[in-house]
2 protein chains.
Amino acid sequence: MSIEEAGTATPMEDIGPIENVPLRVQVANRLRTAILSGRLKPGTSLVETALADQMNVSRAPIREAIQILENDGLVETIAYKGKRVKPLTAREVEEVYSLREAFEVMAVQRIIERNTPVDALRAPCEAMLKAAGDDDLEGLVAGDEAFHRTLIEIADHDLLAASWKSLYLRIHQIMALRSRKDHDLQAIASNHPPIVDALAARDMDRAVNLISAHTRNLKELDPETIAKTT
Amino acid sequence: MSIEEAGTATPMEDIGPIENVPLRVQVANRLRTAILSGRLKPGTSLVETALADQMNVSRAPIREAIQILENDGLVETIAYKGKRVKPLTAREVEEVYSLREAFEVMAVQRIIERNTPVDALRAPCEAMLKAAGDDDLEGLVAGDEAFHRTLIEIADHDLLAASWKSLYLRIHQIMALRSRKDHDLQAIASNHPPIVDALAARDMDRAVNLISAHTRNLKELDPETIAKTT
DNA sequence: GTCAAATGAATTGTCGACAACATCCAGACT
DNA sequence: AGTCTGGATGTTGTCGACAATTCATTTGAC
């Protein structure tokens, strides 16, 4: 039965197209999740044949999946020797955060220059404040990601969005290795609303300074996180 | 004749280790060159089997090479339909140049903040001025790339360098499609020395404004270039 | 005993064949 | 005439086997 005929007999709701996801994408997603959750630690060696056996697929999709993760910057390959989860160095963490700062500053500038509405940022702010009140770390992290993703999205710049997304994967990875007590939920949540206010007021200097400071604060937290992994 | 036998008879100088470059890299380089030179125009369909026949290799390295180019942003894949050289839209050109501006501004800020020496930028400037005098477009372009590559390199930020490099590939592609008369050699060459002066003087505002203006000037040139390709 | 060459194990690199999927066209049926 | 069906074709997706390369270990000569 082809996809077009699907809805003729019974009126069924739109569940969207049936996605036939290639194996390489499934494999890449599984590996990525494992890396980002910290289950696959930096430095772990990834052997194609072993992974192929574990997942019951041939090596071809595994290779392609690993190449995808390599583009994400999560894995590195050494020819004829092996592939491994990219080790996190202090330098790399600094670079990730500083590049993220540049991306978000660019987004802020673009939003103000083009007079883009910023209402979409209010909801994530509320969610974060609520999560902070409930001492809900997961919720806070989700809200934080939603906030920054939205910030990048409304900047309406596909290339920036793609670059930011790739970079944010590594931030996920770094945060997963960070211990819980390092987070001050209330402080993180209350950082965001002033950014939205400055954007709404089209106050370029204030908005840039706030987003810049916000990103730099996060960077400060991580030196000892790195020490644990290398 | 194989590469190993080539130099045995005559005493040869040290050309470094013999790099055994994987086929995928060789293929990727050939395809990339073809795309950047404009020989493979945006929209051209890339068929794995056809390329494999042409280059006398199997499909595996071709696939991996195409995936490399996909990461470079030069090729896009549509599942079960085909792969093609990514079409250049006006929007994409705008995004490429605006992101490049952000990258170079970041490099400038970093160079000034960290008090990095900028002497390495003088040589490319000289080369460009000389090339402009000789009406040597190739030389000027090479000098321009050397200047900006050096700018990024002395910023000492691997992630920034990698991102910039990938972005610059597309700028190559765009420039290759641009007609010769659009270039004002003298103007381009003389744009660069003031940037170095501002950097050397650690004058943040002036340096940022100059590099920003320089990048924006380039962007202005391209609308009609795009019209020709899409 | 020490150093160099050979061997072997582990891993990625490459290949050719077949499967899955989408598109297009021809032909049958209404 | 129009439309649906079925197959032919072109392309990517996946597989299993073999080749190439590296590194560690063992072997052998001196």
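Chain A is the first sequence line, chain B the second, and so forth, proteins listed ahead of strands; every chain is numbered from 1. This is a predicted model, so every value here is computed, not measured.
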*Starting from the C-alpha separation in whole Å, work towards a yes-or-no answer on salt bridge (Lys or Arg N to Asp or Glu O under 4.0 Å) for Arg110(A) and Glu94(B).*
CA-CA 13 Å; Arg110(A) 204 169 162 96; Glu94(B) 195 276 332; 3.2 Å; yes
*With a 4.0 Å cut-off on heavy atoms, is Leu23(A) in touch with a base, just the backbone sugar-phosphate, or nothing at all?*
sugar-phosphate
_Partner residues of Glu70(A) under the salt bridge (charged side-chain N to carboxylate O under 4.0 Å, His left out) criterion, sequence neighbours left out_ = none
*asked:* Let me check I have this right: for DNA chain C, each base becomes ., (, ), [, ] or |, based on Watson-Crick or G-U pairs with both distances under 3.5 Å. What is the full string?
replied: ||||||||||||||||||||||||||||||
*Salt bridge check: are Glu64(A) and Arg24(B) linked by an N-O gap of less than 4.0 Å?*
no
*Do the non-hydrogen side-chain atoms of Arg216(B) and Tyr97(B) ever get within less than 4.5 Å of each other?*
no
*Using a heavy-atom cut-off of under 4.0 Å over every strand shown, decide if Ile66(B) touches base, sugar-phosphate, or nothing.*
nothing
*Could you tell me which residues satisfy salt bridge (charged side-chain N to carboxylate O under 4.0 Å, His left out) with Asp156(A), sequence neighbours excluded, listed by chain and number?*
Arg114(A), Arg91(B)
*Hey, does Arg63(B) reach any base, or is it just sugar-phosphate, or nothing, if we go heavy atoms under 4.0 Å?*
base
*Start and end of chain B contact along DNA chain C [non-hydrogen atoms, under 4.0 Å]*: dG13(C) to dT23(C)
Donor-acceptor contacts, no H, no angles, side chain residues 166-173 of chain A, under 3.5 Å, sequence neighbours left out:
| unit_1 | atom_1 | unit_2 | atom_2 | d |
| --- | --- | --- | --- | --- |
| Tyr168(A) | OH | Asp144(A) | OD2 | 3.4 |
| Arg170(A) | NH1 | Glu92(A) | OE2 | 2.3 |
| His172(A) | NE2 | Glu145(A) | OE1 | 2.8 |

*In chain order, what residues pass the salt bridge (charged side-chain N to carboxylate O under 4.0 Å, His left out) check against Glu48(A), with sequence neighbours excluded?*
Arg59(A), Arg63(A), Lys83(A)
_Length of the CD1-C1' vector between Ile62(A) and dG13(D), whole Å_ = 14 Å
_side chain to side chain contact (heavy atoms under 4.5 Å, CB included) partners for Glu76(A), two or more places apart_ = Arg84(A), Lys86(A), Pro87(A)
Nucleotide N/O to protein N/O under 3.5 Å, stretch nucleotides 21-24 of chain D:
| unit_1 | atom_1 | unit_2 | atom_2 | d |
| --- | --- | --- | --- | --- |
| dT21(D) | OP1 | Asn20(B) | ND2 | 2.4 |

*From Ile35(A) CD1 over to Asp72(A) CG, what is the distance, rounded to the nearest 0.5 angstrom?*
9.0 Å
_Any side-chain heavy-atom pair of Arg32(A) and Leu69(A) under 4.5 Å_ = yes
*In terms of the angle between their ring planes, are His214(A) and His148(A) parallel, tilted or perpendicular, with boundaries placed at 30° and 60°?*
parallel
*Output the residues of residues 68-76 of chain B in contact with DNA chain D, where contact means a heavy atom of the residue under 4.0 Å from an atom of the strand; sort by number or write none.*
none
*Do any of residues 48-60 of chain B sit with a heavy atom less than 4.0 Å from DNA chain D, and if so which?*
Glu48(B), Thr49(B), Arg59(B)
_Going by side chain to side chain contact (heavy atoms under 4.5 Å, CB included), name the residues that satisfy it together with Thr33(B), two or more places apart in sequence or in a different chain._
none
_Pairing of Arg122(B) and Glu126(B) as salt bridge, 4.0 angstrom limit_ = no
_Tell me every residue that passes side chain to side chain contact (heavy atoms under 4.5 Å, CB included) with Ala131(A), counting only those two or more places apart in sequence or in another chain._
Asp136(A), Leu140(A)
